[in-house]
Undergrad: 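What follows is a structure written as structure tokens; I'll ask about it next.
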Amino acid sequence: MDQLLDRKEIKLSFLLISFSIFLISLGTISGSESTAKTFYSTDSLFFANVFSELIKGYEEGNVFAGLMDWTWTPAFYLFPDLILYFLLRLLAIPINASIEVVHLGYTILQWTFLFLSWNILLKRFLPDESNISFLYRISIWFVLGGLFIFQNRFLSLFLPGFHTGTWCLLPISWALFFTAKKNKAYYILEFFLIFIAVLSDPLFLPSFLIPILLYELFTNLSKLLKDPKLLVSYSVKWIPIVLGLFIGVKTYSLLVKNNIVFFSYRYFEKSIFENFKLIFDTSFWNSLPIFWGSMTGILWIFALGCGILFFSLRKFRKDDNQYLNLNLFYLFSGVILPFFLILIAYVSEDTLPEKIPFRYLGILIPSLFGSFCILIRGRALKIITFSILVYAEGYLAFYIIKNKPLKIEYYPDWISCLDDLGRKNHWQRGMGGFWTSAPVRNFSKIGLVSDYYQPDLSIRAWQNTFRWYQLDRNYSFAILNELDKEVLSKTFGPGAHEEECPGAKIYVFSTKNEKEIKDFILLKKAEINVWKKFTGRK
């Protein structure tokens with residue numbers, strides 16, 4: 001059995017099968033309403049909207065005009081998210097590839113990048129083990145990704161703008177830090193990577209520092225205390241890190257104050273330390289049992305269990321220091337770090353543990369997978385890989401037989417219905433809530449657009465651009481899923497009627513409401529201009 005599983009062609013066939021399972025799982029997304037609703041949500045379409053505005057700016061003669069008046073998330077997500085997504089969109093233009101193809105292509109690249117980056121860290125600690133079991137581990141990784149998608153779990157790991165770019169850059173940065181002999185090029189690369197990472201997503205700062213500091217405290221503090229002369233050489237390796245973090249934070253703090261893109265919420269605006277008294281609040285501790293009962297909590301407990309199991313078994317192994325050190329680091333990154341991130345979220349945003357989105361704790365998955373790779377090696381890894389592939393193939397066959405055929409196009413019934421109404425009534429522009437408007441903008445086949453509004457019809461300044469509200473074209477419809485019918489009636493007057501679409505009610509404005517609609521548009525323009533003048537924008 002061992003000789004058979006050790007053959008290179010068998011390992012490659014495992015990889016091919018697992019990658020095929022992963023690709024097939026991508027074809028199930030559009031056929032699953034719950035998965036597609038998350039996968040193509042407004043959050044995941046943010047960069048798609050930005051790219052569309054940049055293209056409009058390019059067509060108008062100034063591509064950067066497409067960046068004007070955007071309301072951005074707290075993080076820039078420059079690298080790898082934004083750059084990778086825009087590159088894929090540019091490559092898609094000559095072949096006329098759809099947004100769905102770009103999204104799925106991004107998913108493949110990000111999931112692969114996530115594995116390879118963590119493999120760099122594994123190789124830094126365990127070079128021989130990394131080479132031996134690489135094909136087995138990547139096979140399990142693709143099957144794992146496919147199962148996540150099949151079961152609509154942890155989808156933020158596959159999408160742009162959900163902090164997974166940070167989870168990709170962390171292990172590379174850690175591996176550079178742990179490199180024993182570094183020349184000038186290594187230090188420059190380390191500085192540049194950390195600078196870009198913290199500028200792109202300030203969540204990188206605590207995520208990078210907490211595991212590193214804990215690991216160094218446990219492994220090097222006693223050496224430094226015994227021989228203070230080592231402090232000089234030890235301090236040198238921190239120079240590019242401190243400079244990268246400091247300059248990255250300062251650059252971020254300057255850029256978010258620009259007059260082109262608006263950041264309604266910014267990192268580093270206030271000190272979170274003054275709010276640490278909140279952790280003594282009973283509501284925080286009462287919410288922890290609920291969190292532990294969630295899937296994220298279960299993963300967290302499982303990661304802790306893997307760490308304890310490894311440390312308890314280490315005495316039965318010889319020459320295990322490297323494995324022990326790496327698993328210690330996985331314990332800090334996958335267990336201690338998420339706990340710190342929960343504390344930070346609570347004291348800075350007053351967000352209870354069970355309400356913290358998984359995207360902030362996504363490092364649990366690669367850290368837990370890393371612990372698995374340390375615990376399961378040799379013959380056990382080969383047999384488990386084979387068993388997982390058999391299970392995944394059975395699961396895949398059952399899923400395909402039970403559910404709809406595979407497809408790429410995402411065109412939900414409610415948008416199809418809205419398009420039919422739009423063709424019939426010659427609609428072009430409408431209004432809706434945050435979660436319904438972006439899918440209309442990206443998946444309507446007749447080019448319908450929908451602007452983001454709150455239930456009280458105030459503009460929601462989040463992941464949109466005020467340029468959308470500067471159009472003179474009247475509104476023809478409103479999607480009622482997130483809007484208030486009574487507010488619409490009071491604002492625009494009587495005469496409207498409703499149309500039923502699957503999963504959505506459409507409020508159709510009467511032609512008698514044209515004056516009220518024009519007055520409303522003028523009012524929103526005036527509000528935007530006042531706001532821009534007040535904030536020092538043009």
Undergrad: In the structure I gave you, are the side-chain heavy atoms of I528 and D69 within less than 4.5 Å of one another anywhere?
TA: no
Undergrad: Taking the ring centre of each residue, are Y475 and F509 less than 6.0 Å apart?
TA: no
Undergrad: Name the orientation class of the two ring planes belonging to F115 and W141 (parallel below 30°, tilted from 30 to 60°, perpendicular beyond 60°).
TA: tilted
Undergrad: Can you see whether N442 engages Y40 through a side-chain donor-acceptor pair at a distance of less than 3.5 angstrom?
TA: no
Undergrad: Using 4.0 Å as the upper bound for N to carboxylate O, is an ion pair formed by K515 and D519?
TA: yes
Undergrad: Measure across I21 and A392 and return the closest heavy-atom pair with its distance rounded to 0.1 Å.
TA: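 Heavy atoms only, the tightest pair is CD1-CB, 3.7 Å.
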Undergrad: Counting the benzene-type ring for Trp, do Y106 and F47 have ring centres under 6.0 Å apart?
TA: no
Undergrad: Measure from the ring center of F76 to the ring center of Y252 and say whether it is less than 6.0 Å.
TA: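 That pair passes the under 6.0 Å test.
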Undergrad: Evaluate the side-chain proximity of N474 to Q428: yes if any heavy-atom separation is below 4.5 Å, no if none is.
TA: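 Q428 does not reach N474 side chain to side chain.
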Undergrad: With no hydrogens and no angle check, do the side chains of S41 and D43 hold a donor and an acceptor under 3.5 Å apart?
TA: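 There is no such pair (donor and acceptor under 3.5 Å, judged by atom type) between the side chains of S41 and D43.
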Undergrad: Using modelled atom types and a 3.5 Å cut-off, is there a donor and acceptor pairing between side-chain atoms of E482 and backbone atoms of F434?
TA: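 Here the side-chain-to-backbone pair exists.
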Undergrad: Please report the interatomic distance CZ(F262) to OG1(T71), rounded to the nearest 0.5 Å.
TA: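 Answer for the CZ-OG1 pair, F262 versus T71, is 8.0 Å.
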Undergrad: Does one side chain, of Y346 or S283, offer a donor that lies under 3.5 Å from an acceptor on the other?
TA: yes
Undergrad: Side chains of I363 and P338: closer than 4.5 Å at any heavy-atom pair?
TA: yes
Undergrad: Hey, are D456 and K490 close enough for a salt bridge, meaning a charged N less than 4.0 Å from a carboxylate O?
TA: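 Looking at K490 together with D456, the answer is no, because their closest N to O distance does not fall below 4.0 Å.
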Undergrad: Parallel, tilted or perpendicular: which one describes the rings of F142 and F22, with boundaries at 30° and 60°?
TA: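 It falls in the tilted class, 30° to 60°.
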Undergrad: Contact between L448 and F477 at the side-chain level, heavy atoms closer than 4.5 Å - yes or no?
TA: yes
Undergrad: Hey, does L157 have a side-chain heavy atom less than 4.5 Å from the side chain of W167?
TA: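 W167 reaches L157 side chain to side chain.
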Undergrad: Using side-chain heavy atoms (C-beta onward) and a distance below 4.5 Å, is F158 in contact with L26?
TA: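 No, side chains not in contact.
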Undergrad: Please report the closest heavy-atom contact between G432 and S450, naming both atoms and the distance.
TA: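 For G432 and S450, the tightest heavy-atom pair comes out as N-OG, 3.2 Å.
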Undergrad: Does the S18 side chain pair with the main chain of V143, one donor and one acceptor, at a distance under 3.5 Å?
TA: no
Undergrad: Could you walk me through whether Y452 and W468 pass ring-ring contact (aromatic ring centres under 6.0 Å, His included), step by step?
TA: CA-CA 9 Å; Y452 304 177; W468 292 347; 5.2 Å; yes
Undergrad: Would you give the length of the straight line joining atom CD1 of I247 to atom CG of L199, rounded to the nearest 0.5 angstrom?
TA: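 I247 CD1 to L199 CG: 11.5 Å, rounded to 0.5 Å.
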Undergrad: What residue among L82, L84, I83 forms side chain to side chain contact (heavy atoms under 4.5 Å, CB included) with F86?
TA: L82
Undergrad: For the side chain of N258 and the backbone of L255, is there at least one donor-acceptor N/O pair under 3.5 Å apart?
TA: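 At least one qualifying donor-acceptor pair exists.
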Undergrad: Is the side chain of R429 donor-acceptor paired with the backbone N or O of R473 at a distance under 3.5 Å, no angle test?
TA: yes
Undergrad: Please name the pair of heavy atoms, one in P74 and one in Y265, separated by the smallest distance, quoted to 0.1 Å.
TA: CG-CD2, 3.2 Å
Undergrad: From I344 CD1 over to F340 CZ, what is the distance, rounded to the nearest 0.5 angstrom?
TA: 8.0 Å
Undergrad: With a 3.5 Å distance limit and no angle check, can you tell me whether E516 reaches the backbone of T491 through a side-chain donor-acceptor pair?
TA: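 No: the side chain of E516 does not pair with the backbone of T491.
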Undergrad: Between R467 (side chain) and A65 (backbone), is there a donor-acceptor pair under 3.5 Å?
TA: yes
Undergrad: With a 6.0 Å cut-off (strictly less than), is the heavy-atom count around CZ of R460, excluding the residue itself, greater than 12?
TA: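 Atom CZ in R460 is crowded, with more than 12 foreign heavy atoms closer than 6.0 Å.
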Undergrad: So with a 6.0 Å cut-off around CD of E33, is the heavy-atom count from everything else above 12?
TA: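 No, not enclosed.
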Undergrad: Does any N or O in the side chain of E498 come within less than 3.5 Å of the main-chain N or O of K505, such that one atom is a donor and the other an acceptor?
TA: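 Checked: no pair found.
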Undergrad: Could you check whether the rings of F520 and F492 sit parallel, tilted or perpendicular, using 30° and 60° as the cut-offs?
TA: perpendicular
Undergrad: Do T28 and L406 come close enough that some side-chain heavy atom pair is under 4.5 Å?
TA: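 Yes, at least one pair of side-chain atoms sits under 4.5 Å.
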Undergrad: Do you know which two heavy atoms are closest between A36 and I29, and how far apart they sit?
TA: CB-O, 3.3 Å
Undergrad: What distance separates Y391 OH from L389 CG, expressed to the nearest 0.5 Å?
TA: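 Y391 atom OH to L389 atom CG measures 13.0 Å (nearest 0.5 Å).
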Undergrad: Assign the ring pair F466 / Y469 to parallel, tilted or perpendicular, where the plane angle (0 to 90°) is split at 30° and 60°.
TA: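 Ring orientation, 0 to 90° scale: tilted.
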Undergrad: Looking at every heavy atom in both I415 and V440, which two are closest together, and how far apart are they?
TA: CD1-N, 4.1 Å
Undergrad: Passes side chain to side chain contact (heavy atoms under 4.5 Å, CB included), W111 versus T164? Steps please.
TA: CA-CA 9 Å; W111 191 245; T164 304; over 6 Å; no
Undergrad: For H103 and S44, work out which heavy atoms get closest and say how close.
TA: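 Shortest heavy-atom contact: NE2-O, 3.2 Å.
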Undergrad: Heavy-atom distance under 4.5 Å between the side chains of F208 and T166, does that happen here?
TA: no
Undergrad: Quick check on the 6.0 Å ring-centre criterion: do F204 and H163 meet it?
TA: no
Undergrad: Donor-acceptor pair, distance only, cut-off 3.5 Å: does the side chain of S117 make one with the backbone of P171?
TA: no
Undergrad: Check whether more than 12 heavy atoms from other residues, nucleotides or ligands sit under 6.0 Å from atom NZ of K37, and answer yes or no.
TA: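 Counting neighbours around NZ of K37, 12 or fewer heavy atoms of other residues, nucleotides or ligands fall under 6.0 Å, so no.
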Undergrad: Hey, is the main chain of S444 close enough, under 3.5 Å, to the side chain of D419 for a donor-acceptor pair?
TA: no
Undergrad: Hey, what do you get for CG (L483) to CE (M431), rounding to the nearest 0.5 Å?
TA: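 That separation rounds to 7.5 Å.
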Undergrad: Is it true that E59 and K56 have a side-chain N and a carboxylate O under 4.0 angstrom from each other?
TA: no
Undergrad: Determine whether F113 and I172 satisfy the following criterion, side chain to side chain contact (heavy atoms under 4.5 Å, CB included), listing intermediate values before the conclusion.
TA: CA-CA 11 Å; F113 185 16; I172 303 175; 3.9 Å; yes
Undergrad: Passes side chain to side chain contact (heavy atoms under 4.5 Å, CB included), V101 versus I95? Steps please.
TA: CA-CA 11 Å; V101 170; I95 60 175; over 6 Å; no
Undergrad: Could you walk me through whether K525 and D472 pass the side chain to side chain contact (heavy atoms under 4.5 Å, CB included) test, one step at a time?
TA: CA-CA 10 Å; K525 287 182 179 181; D472 293 321; 2.3 Å; yes
Undergrad: Backbone N or O of Y410 within a donor-acceptor pair of the E100 side chain at under 3.5 Å?
TA: yes
Undergrad: For the residue pair N481 and T436, confirm or rule out a side-chain donor-acceptor distance under 3.5 Å.
TA: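 On atom types as modelled, these side chains do not qualify, holding no pair under 3.5 Å.
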Undergrad: Roughly how far, to the nearest 0.5 Å, is the CG atom of L109 from the CG atom of L116?
TA: 10.5 Å
Undergrad: When you check the side-chain N and O atoms of S333 and S367, is any donor under 3.5 Å from an acceptor?
TA: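 Short answer, yes.
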